[in-house]
2 protein chains.
Amino acid sequence: MMFKKVLIAEDHESANISVQKTLADLGIPPADYVFYCDDALTRIQKALKNDDPYDLLITDLSFEEDHQQQKISAGTELIKAAKNMQSDLKTIVFSAENKQVVIAALFKELGINGYVRKARNDAKELKKAIDCVYKNKTYTSVDLRQAIKDKNSYELTDYDITIISLLSKGIIQKEIPIYLQKNNIKPSGLSSVEKRFNLMREVLEFSNNEQLIAYCKDMGII
Amino acid sequence: MMFKKVLIAEDHESANISVQKTLADLGIPPADYVFYCDDALTRIQKALKNDDPYDLLITDLSFEEDHQQQKISAGTELIKAAKNMQSDLKTIVFSAENKQVVIAALFKELGINGYVRKARNDAKELKKAIDCVYKNKTYTSVDLRQAIKDKNSYELTDYDITIISLLSKGIIQKEIPIYLQKNNIKPSGLSSVEKRFNLMREVLEFSNNEQLIAYCKDMGII
DNA sequence: GCTTTCCTTACGGGAAACCGTAAGCCGATA
DNA sequence: TATCGGCTTACGGTTTCCCGTAAGGAAAGC
């Protein structure tokens with residue numbers, strides 16, 4: 001009738017507690033919970049060995065580093081490793097991440113089944129998400145759905161992101177060609193770089209590169 | 001023996017739930033909880049009127065805006081207003097903020113009694129904090145790290161942040177003086193603006209303004 | 001009163017960025 | 001092969017930015 005064996009990976013104790021409670025509210029048996037990605041992966045592996053695999057993984061994205069050395073320190077890596085181990089594992093990400101690009105990538109590149117943002121009604125959202133995912137649908141929090149739709153924006157190419165990154169790291173524009181040539185990225189001419197920035201500013205209706213950098217930071221592009 | 005009447009102000013439902021549970025673990029009667037600052041203030045006022053004031057306020061710092069128009073939209077303002085209404089109200093802040101300067105200001109300027117950062121052992125920390133505050137001591141979670149913070153001992157002034165903001169919004173440098181004059185911000189001369197940017201780049205060892213913008217975005221300054 | 005000092009601003013030369021034009025390169029097609 | 005079209009680059013002129021210098025201007029001190 002519902003998920004039976006759930007694993008929670010979340011470093012914040014308080015968040016971990018409330019996810020446990022949310023699962024309990026749904027009548028799901030007490031879930032296993034861990035505070036480190038490495039532990040999560042170990043659990044998944046053990047469960048597979050014992051022929052009693054997890055039905056669902058609920059994980060955060062950012063895990064804070066502390067004295068405990070960990071191999072895996074990010075939710076994305078955990079998901080990747082977990083799916084690699086058990087490809088049919090359902091996954092819901094429960095995170096404060098708010099950047100559409102990043103979240104879209106989770107669905108597209110990692111094949112997650114649901115995303116719930118830590119926000120006002122996150123507990124209710126999480127319940128809905130679990131329900132949806134159980135029914136083999138994907139779920140995205142309501143406050144994000146619109147944002148993704150709104151994103152009719154111009155799509156930056158890898159090349160664009162590369163040169164924007166260089167600029168944001170302090171490489172001045174006229175020296176960008178040097179770095180492009182070193183990495184065999186073409187076009188590498190200064191003129192091409194200039195034109196590319198010009199096009200980006202024009203399309204996004206920005207008046208300077210600083211605004212472009214700010215935009216990319218907000219969108220999680222860089 | 002312990003706090004009797006506690007109010008929780010926290011917009012994230014999940015965080016709210018876990019604070020409630022933490023209080024329950026301590027044998028504190030079910031606390032009132034609200035998701036908006038305005039509601040919190042109303043509750044405090046009503047409790048005072050009924051001669052049954054709150055013993056403790058546990059509040060977040062950042063509250064997300066939504067469709068509901070609110071007068072108070074930040075934890076700091078809530079605390080200020082609450083203390084103004086009931087000066088002996090004990091206050092514990094429960095937030096993800098980890099900039100020491102900001103937290104120090106909470107103790108110094110708002111007279112809060114405890115600070116617990118949303119982090120790995122936050123539920124345990126919160127229990128300790130409640131215990132400490134009940135015994136009329138103040139509490140700060142040991143956890144506060146300032147790894148990146150310490151490196152930039154140089155603090156950006158309000159003026160700095162203003163002109164950086166303008167730049168990131170697409171105002172080109174030579175037009176910044178116009179905006180400064182309109183808002184009666186001095187110095188407003190282009191030369192002063194230039195010098196200020198120059199100083200910031202020098203101190204932070206940046207080579208262009210794009211890098212400065214990226215830095216400020218990462219730090220949450222803008 | 002008059003310095004002294006600090007802050008602000010104006011100015012100017014040089015560097016970088018901006019932007020249009022035109023030339024060069026290369027693959028595709030007839 | 002020759003021609004075309006698209007992409008890349010080189011080259012200038014203009015604007016903006018960068019940065020040192022020096023001139024104003026206000027407050028503090030003698």
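Just so we're on the same page: letters track the sequence lines, and every chain starts at 1. On a predicted model such as this, the values are computed, not experimentally measured, just so you know.
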Side-chain donor/acceptor pairs under 3.5 Å, residues 79-94 of chain A, sequence neighbours excluded:
from	atom 1	to	atom 2	distance (Å)
A:K83	NZ	A:L89	O	3.2
A:K83	NZ	A:G111	O	2.9
A:Q86	NE2	A:Y54	O	2.9
A:K90	NZ	A:V133	O	3.4
A:K90	NZ	A:N136	OD1	2.8
A:T91	OG1	A:L89	O	3.4

Go through the steps for B:F206 and B:Y215 under the test ring-ring contact (aromatic ring centres under 6.0 Å, His included), then give the verdict.
CA-CA 9 Å; B:F206 291 163; B:Y215 169 80; 5.4 Å; yes
What residues in residues 161-170 of chain B put a non-hydrogen atom under 4.0 Å from any atom of DNA chain D?
none
Considering residues at least two apart in sequence or located in another chain, which fulfil the side chain to side chain donor-acceptor pair (under 3.5 Å) criterion with B:N208?
none
Between residues 173-194 of chain B and DNA chain C, which residues have a heavy-atom gap below 4.0 Å?
B:P187, B:S188, B:G189, B:S191, B:S192
Quickly work out the A:R201 CZ to D:dT15 C1' distance and round it to whole Å.
13 Å
When rounded to whole Å, the CD to P distance for the pair A:E210 and D:dC17 reads 8 Å
Quick one about A:D122 and B:S14 (side-chain donor to acceptor, distance below 3.5 Å, no hydrogens or angles considered), yes or no?
yes
At less than 4.0 Å, is any side-chain N or O atom of B:N198 found next to OP1 or OP2 of D:dC19? Yes or no.
yes
Need two values: the first and the last nucleotide of DNA chain C, 5' to 3', having an atom under 4.0 Å from any heavy-atom of chain A.
C:dA16 to C:dT21
Using whole Å, what does the distance between atom C1' of nucleotide D:dT16 and atom CZ of B:F197 come to?
14 Å
Could you tell me whether the side chain of A:E13 and the main chain of B:A123 form a donor-acceptor pair under 3.5 Å?
yes
Is the phosphate of D:dT8, meaning OP1 or OP2, less than 4.0 Å from a side-chain N or O of A:R196?
no
To the nearest 0.5 Å, tell me how far B:T162 OG1 sits from B:R196 CZ.
11.0 Å
Does the side chain of A:D39 come under 3.5 Å of the side chain of A:T42 through a donor N or O and an acceptor N or O?
no
Could you check B:V102, B:L61, B:I112 and say which one makes a side chain to side chain contact (heavy atoms under 4.5 Å, CB included) with B:T76?
B:L61
B:R120 to A:F63 six-membered ring, cation-pi geometry met (6.0 Å, 45°)
no
Side-chain donor/acceptor of B:D11 to backbone N/O of B:E64, under 3.5 Å
yes
Listing request: all ring-ring contact (aromatic ring centres under 6.0 Å, His included) pairs with a residue in residues 118-139 of chain B, at least two apart in sequence or in separate chains.
B:F3-B:Y134
